[in-house]
Amino acid sequence: MNATGVVPVVVDAPQHAGLNATLDYLCDPPLPPGSLVQVPLGRRSATGFVLDLAGAPAESLRAIAEVFPEPPLFAADFEAQTASAERLR
C-alpha cells in the first residue's frame, strides 16, 4: 500500500487498554468516514472504522493493513450530527 493520506481510526479495543481517542493511520487513497478497516495495533491487529479526515503529520505513522469492501458504516456528516446531539444534552 502506498500510504500518503492520514485518517483517524476508532479501534475495537477493551476499555482497560486505555484507548479513549482515535489513532491516526496512513492510507492511500483517502477513505470516507465509516470505512471498516484492519489496522496494526502493537503486536496485533485490530478492526476499526475511519472517523473523519485528519490533518495529523504523517511521520512515524503506520499504514492501514486492509480496507474491507463493505460500504461506510455511517454518513459523512456523522461527526457533525453527534456533536449537535451532544450540545442538546
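The structure displayed is predicted, hence computed values, not measured ones.
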query: Distance from Asp28 atom CG to Ile64 atom CD1, nearest 0.5 Å?
result: 10.5 Å

field: Shortest non-hydrogen contact from Val7 toward Val50
entry: CB-CG1, 3.9 Å

Donor-acceptor contacts, no H, no angles, side chain residues 36-47, under 3.5 Å, sequence neighbours left out:
residue, atom, partner, partner atom, Å
Gln38, OE1, Thr47, OG1, 3.1
Gln38, NE2, Ser45, OG, 2.9

- prompt: Can you tell if the side chain of Val6 reaches within under 4.5 Å of the side chain of Leu26, non-hydrogen atoms only?
  reply: yes

- prompt: So do Val11 and Leu23 actually touch side chain to side chain, heavy atoms under 4.5 Å?
  reply: yes

- request: Give, for atom CZ of Phe49 and atom OG1 of Thr22, the distance between the pair rounded to the nearest 0.5 Å.
  value: 10.0 Å

